[in-house]
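Values reported hereafter were calculated over all heavy atoms of this structure, with side chains retained and with hydrogens, waters and symmetry mates removed. A, B, ... follow the sequence lines: proteins, then strands. Residue 1 opens every chain.
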There are 2 protein chains.
Amino acid sequence: MLDLKMAGAGGQGASLGEAAYREMKERLIRGKYRPGYKMTVRAVAEELGVSSTPARDAINRLTSEGALVYAGPKTVIVPVLGELDLKELTTIRIVLEGLASEKAAPFGSEQHIEALGQIQGRISGALDAGNYGEALWHNKEFHFHVYEMAGLPHLVTMIESLWLRVGPSLYNLYPEFAQERNGVRNHQMAMEALAERDGAALRAAFENDIRDGYRLLRLAAGSARM
Amino acid sequence: MLDLKMAGAGGQGASLGEAAYREMKERLIRGKYRPGYKMTVRAVAEELGVSSTPARDAINRLTSEGALVYAGPKTVIVPVLGELDLKELTTIRIVLEGLASEKAAPFGSEQHIEALGQIQGRISGALDAGNYGEALWHNKEFHFHVYEMAGLPHLVTMIESLWLRVGPSLYNLYPEFAQERNGVRNHQMAMEALAERDGAALRAAFENDIRDGYRLLRLAAGSARM
DNA sequence: TTCGCAAGTTTGTTGCAACAAAATTGCGAC
DNA sequence: GTCGCAATTTTGTTGCAACAAACTTGCGAA
């Protein structure tokens with residue numbers, strides 16, 4: 001059991017409910033909870049070392065963002081994405097992340113490229129170590145480092161909520177991801193496009209990355225048809 | 001003071017927190033609260049006739065969706081959109097609502113056209129009566145009736161959260177809207193495009209509608225340049 | 001008059017206990 | 001062995017009181 005009341009690390013600056021929310025969000029993106037996992041107020045409270053009110057706050061907030069869903073009148077679970085959900089979310093991701101990356105392109109700079117290169121290094125390292133949760137986390141950092149360059153905070157927030165929805169499902173396929181390493185090539189392309197401040201190319205790189213993830217997810221889900 | 005504990009109307013089927021959330025959401029879209037209005041837990045609780053817990057739930061949820069924002073460490077207000085916010089949100093709206101309308105086009109039918117015609121009638125009626133809040137509400141119904149046809153629930157949810165953010169600001173310009181009635185022409189075009197199941201035309205109609213609203217908002221905000 | 005500080009007030013947060021509803025378990029009949 | 005129902009447990013919801021932090025007000029000094 002973790003105690004959020006201590007540990008200024010990460011969860012600083014806000015209320016317990018806020019801290020609980022952030023902690024749960026990070027765990028979700030890291031793939032700590034699998035699709036279908038049942039979230040209960042008391043369990044979360046116990047796990048994070050807080051009372052039920054902040055735990056409930058976090059769950060409610062996550063639920064209203066779609067990161068958790070109702071499976072019954074009185075049960076919230078980590079969403080199990082169906083074929084249609086996956087397809088829809090991918091379509092939205094392509095549109096939104098495509099927009100963000102294209103708008104980010106003009107802000108390309110040495111510093112940004114270097115930062116991305118370092119993040120990419122951490123992804124590879126985590127992949128080598130077989131630590132998928134860590135790789136997933138750094139992968140998120142890579143994408144959002146670019147998206148945030150555009151200076152469109154509302155857009156970033158919306159994209160983040162999309163990642164929260166697909167995150168847990170992504171974890172399931174990471175063994176394949178580690179094998180194929182499609183992401184590496186796409187990220188490489190992204191860095192090159194950014195160096196040239198080529199919006200169309202940057203958008204294409206990210207759209208490819210998203211589509212590749214979608215294809216793997218489809219395969220992992222058992223459906224053959226693309 | 002309204003008492004949500006009674007009145008199954010609209011708020012049926014769920015907890016008090018859920019009902020409070022829906023009520024506040026509707027009030028926000030109807031433009032009952034102006035940008036900058038300060039929301040306090042106790043005031044909302046009093047206004048809706050519930051205790052502080054469900055009121056707090058509603059405020060938290062609205063805040064996490066961006067429909068309310070923090071103006072200080074301990075104050076949440078109805079967002080006051082700046083020029084940049086408005087521009088960004090409009091860009092996102094065009095992309096997302098454009099996608100939704102285009103995907104909805106193939107589902108055009110007699111029934112849908114008729115339903116839209118009726119809603120349009122209610123908009124005109126409310127406009128004639130000078131009831132902006134009502135007109136705003138029916139305008140939302142018009143748009144979402146189309147968006148929901150596409151069968152993409154995640155997308156609809158995301159668009160709804162965008163409306164929640166711009167709603168209060170929209171109210172401010174409705175007197176101009178009532179005068180010009182740009183919306184009428186765009187809605188007319190949308191119905192025609194839907195009758196022909198023309199995705200591109202439907203998308204164009206909605207994009208125009210969004211852009212027209214944005215132009216008016218810019219004018220109302222005092223900025224001259226488009 | 002203006003600035004600063006202190007007392008008082010407002011307001012969000014948190015923990016908790018009581019309650020109701022849903023889910024689960026287990027027992028018994030067929 | 002299976003189905004159905006009832007008792008039990010689990011779990012979300014709600015109201016409330018205590019607390020702490022932020023904000024407001026007003027008085028007094030310069």
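- Taking the ring centre of B:Phe144 as origin, the terminal cationic atom of B:Lys140 falls inside the region bounded by 6.0 Å and 45° from the ring axis.
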Pair A:Leu28-A:Lys25, side-chain contact (heavy atoms from CB on, under 4.5 Å): steps then yes or no: CA-CA 5 Å; A:Leu28 245 10; A:Lys25 194 163 76 165; 5.6 Å; no
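- Following rounding to the nearest Å, A:Asp57 (CG) and C:dT13 (P) show an atom-to-atom distance of 8 Å.
- Atom CZ in A:Arg56 sits about 15 Å away from atom P in D:dT11, given to the nearest Å.
- For the pair B:Thr53 and D:dT14, the criterion of a side-chain N or O lying under 4.0 Å from OP1 or OP2 is not met.
- Across C:dG12, D:dG15, D:dT13, the shortest atom-to-atom separation from the side chain of B:Val41 is found for C:dG12.
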A:Met39 vs A:Leu62, side-chain contact (heavy atoms from CB on, under 4.5 Å): CA-CA, chis, key distance, verdict: CA-CA 11 Å; A:Met39 289 285 180; A:Leu62 254 3; over 6 Å; no
Chi angles and distances behind the salt bridge (charged side-chain N to carboxylate O under 4.0 Å, His left out) call for A:Glu26, A:Arg22: CA-CA 6 Å; A:Glu26 178 163 341; A:Arg22 287 192 208 167; over 6 Å; no
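- For B:Lys103, there are no salt bridge (charged side-chain N to carboxylate O under 4.0 Å, His left out) partners at least two apart in sequence or on another chain.
- Over its full length, the helix from C:dT1-D:dA30 to C:dC30-D:dG1 turns its helical axis through 10°, comparing axes from the five pairs at each end and rounding to 10°.
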Distances under 3.5 Å only, N/O to N/O: pair up the protein atoms with those of nucleotides 17-25 of chain C.
{"residue": "C:dA21", "atom": "N3", "partner": "A:Lys74", "partner atom": "NZ", "Å": "3.0"}

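- The aromatic rings of A:His112 and A:His145 sit perpendicular to each other, their planes meeting at more than 60°, with 30° as the lower class boundary.
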